[in-house]
Amino acid sequence: LDSLGHYINVHSPRPEMLVAPREQLIGRRFTEFLPAKDSDLIFEALREAEATGWATGYILQIPMPTGDSKWFELSIARKSQPHAADARYIVLSRDATERIQVAQEMHLTAQVFRQSGEALVISDAVHRIVQINPAYTHLSGFSASEAMGQLASLDMAPASARRTLPADPYQIVLRKGQWEGETEGQHKNGTLYLQHRTITALRDEQGRLTHCITLFRDITQQRQDQERIRHLAHFDALTGLPNRSLLSERVPEVIQTQA
């Protein structure tokens, strides 16, 4: 490029990565092919290269002739002497699309992890906690420092406090790869509550368990509301006695039992 942004020479082992065919680029300015914001960024890089001899780390998202867009990382070196009237610059453009997309996906995943309303726990192959999100602390009362290294069942009520004694869901996950159901949770302060829990196993290419991902939410209020609705449907609101609806349901059951 020259200092005004004209293409002096163009070489690419992948012509499909150019914004236009080489013969259309020579002698024309990059501002004719790129959006204004990207052109401004390249001029900024040219000014840096003119002042220091080198500019690197400039990231652009450029629309391609195919209709999609790709990310490129630019490095620019000044070829001529400083402040030369016929200044020339060598511009190296690397396809950074895959790297940028991976970084964006990781950022999005981290945002979902942090902002999810459901508690999320990542545990290792022996079910020791390696990461939790803020919702876990909110629901269980355990901070990250308290939870790290503990069993993933830390937030579950101990067997002595449970009203029911289901099989250990983490043992089921080892055999089936996933488990979903209701469990009783116990807050750090001792309060019991009802959870809806999902556990998913992650395995490597050899099929060996590497991690488990646990999600759970508090469904105590939801269950109480369901029970309240069921009670209102079958019992008189003033007397608390069974109503006709409950009677109509129970009579066939009694008749069938007596038959």
Side-chain angles (χ1 to χ4, degrees), residues 1-80 87-118 120-122 124 130-135 177-178 198 200-213 215:
L1 297 178
D2 65 12
S3 59
L4 297 178
H6 292 98
Y7 292 97
I8 306 302
N9 197 2
V10 176
H11 171 73
S12 175
R14 299 173 60 190
E16 72 277 7
M17 301 299 288
L18 298 174
V19 293
R22 179 182 182 277
E23 57 273 14
Q24 295 181 21
L25 296 174
I26 301 301
R28 298 171 68 179
R29 301 179 70 191
F30 58 74
T31 54
E32 299 179 52
F33 301 94
L34 302 179
K37 63 180 182 62
D38 294 322
S39 296
D40 291 344
L41 194 60
I42 296 176
F43 276 124
E44 179 182 337
L46 289 174
R47 289 192 293 270
E48 181 180 342
E50 174 63 30
T52 65
W54 179 262
T56 187
Y58 285 82
I59 305 293
L60 309 175
Q61 187 178 21
I62 297 178
M64 305 302 292
T66 55
D68 60 349
S69 63
K70 290 189 176 295
W71 292 91
F72 293 90
E73 181 178 4
L74 301 186
S75 298
I76 302 179
R78 187 185 66 232
K79 186 178 180 182
S80 54
R88 295 291 185 268
Y89 305 89
I90 299 174
V91 181
L92 301 178
S93 177
R94 304 176 184 85
D95 182 4
T97 304
E98 183 175 352
R99 174 164 58 88
I100 297 297
Q101 289 176 342
V102 169
Q104 290 176 335
E105 290 174 1
M106 291 179 64
H107 176 72
L108 178 60
T109 300
Q111 289 289 95
V112 171
F113 185 85
R114 288 194 297 268
Q115 298 182 17
S116 172
E118 290 193 16
L120 199 156
V121 183
I122 300 177
D124 61 19
V130 297
Q131 195 169 2
I132 63 170
N133 70 343
Q178 190 173 38
T198 302
T200 303
L202 300 181
R203 300 184 183 276
D204 60 19
E205 295 178 354
Q206 287 72 43
R208 294 173 299 204
L209 180 71
T210 60
H211 295 86
C212 281
I213 298 178
L215 293 95

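For this chain, numbers begin at 1 and follow the sequence in order.
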Fill in: Side-chain donor/acceptor of R78 to backbone N/O of S80, under 3.5 Å
yes

So CD of Q104 and OG1 of T97: to nearest 0.5 Å the spacing works out to 10.0 Å

- Message: Within the 4.5 Å heavy-atom criterion, are L25 and V19 side-chain neighbours or not?
- Response: yes

Scanning both residues in full, the closest heavy-atom pair of V10 with R22 reads O-NE, 2.6 Å

When every non-hydrogen atom of A55 is compared with those of A45, the smallest separation belongs to CB-O, 3.4 Å

Are any of the side-chain heavy atoms of Y89 and S3 separated by less than 4.5 Å? yes

Interatomic distance, CD1@I213 vs CD@Q131, rounded to 0.5 Å, equals 10.0 Å

Quick one: does M106's side chain get under 4.5 Å of T109's, heavy atoms only? no

In short, H6 meets G27 closest at the heavy-atom pair CD2-O, 3.3 Å

In terms of heavy-atom contacts, A135 and G117 come closest through CB-O, 3.8 Å

Mind telling me whether Y7 and F30 have parallel, tilted or perpendicular rings, with 30° and 60° as the class edges?
perpendicular

- Task: Could you check if a side-chain atom of Q178 sits within less than 4.5 angstrom of a side-chain atom of T198, using non-hydrogen atoms only?
- Result: yes

Are R29 and S39 linked by a side-chain donor-acceptor pair shorter than 3.5 Å? no

Q. Do T210 and R203 come within less than 4.5 Å of each other through their side chains, counting heavy atoms only?
A. no

So CD1 of I42 and CG of L60: to nearest 0.5 Å the spacing works out to 5.0 Å

With a 4.5 Å heavy-atom cut-off, do R28 and F33 have their side chains touching?
yes

Requested in this report: Could you tell me whether the side chain of F113 reaches within less than 4.5 Å of the side chain of I122, counting heavy atoms only?
Outcome: yes

Interatomic distance, CD@E73 vs CD1@I100, rounded to 0.5 Å, equals 7.5 Å

Correct closest heavy-atom pair for I62 and F72 would be CD1-CD1, 3.9 Å

**OP:** Ignoring hydrogens and angles, tell me if any N or O in the side chain of N133 forms a donor-acceptor pair with the backbone of E118 under 3.5 Å.
**Re:** yes

In terms of heavy-atom contacts, W54 and T52 come closest through O-OG1, 2.8 Å

CZ of R94 to CE of M17, rounded to nearest 0.5 Å, is 13.0 Å

Does atom CD of E23 have more than 12 heavy-atom neighbours from other groups under 6.0 Å away?
yes

Interatomic distance, CD1@I90 vs CG@N9, rounded to 0.5 Å, equals 10.5 Å

*Q206 atom CD, neighbour heavy-atom count above 12 within 6.0 Å*: yes

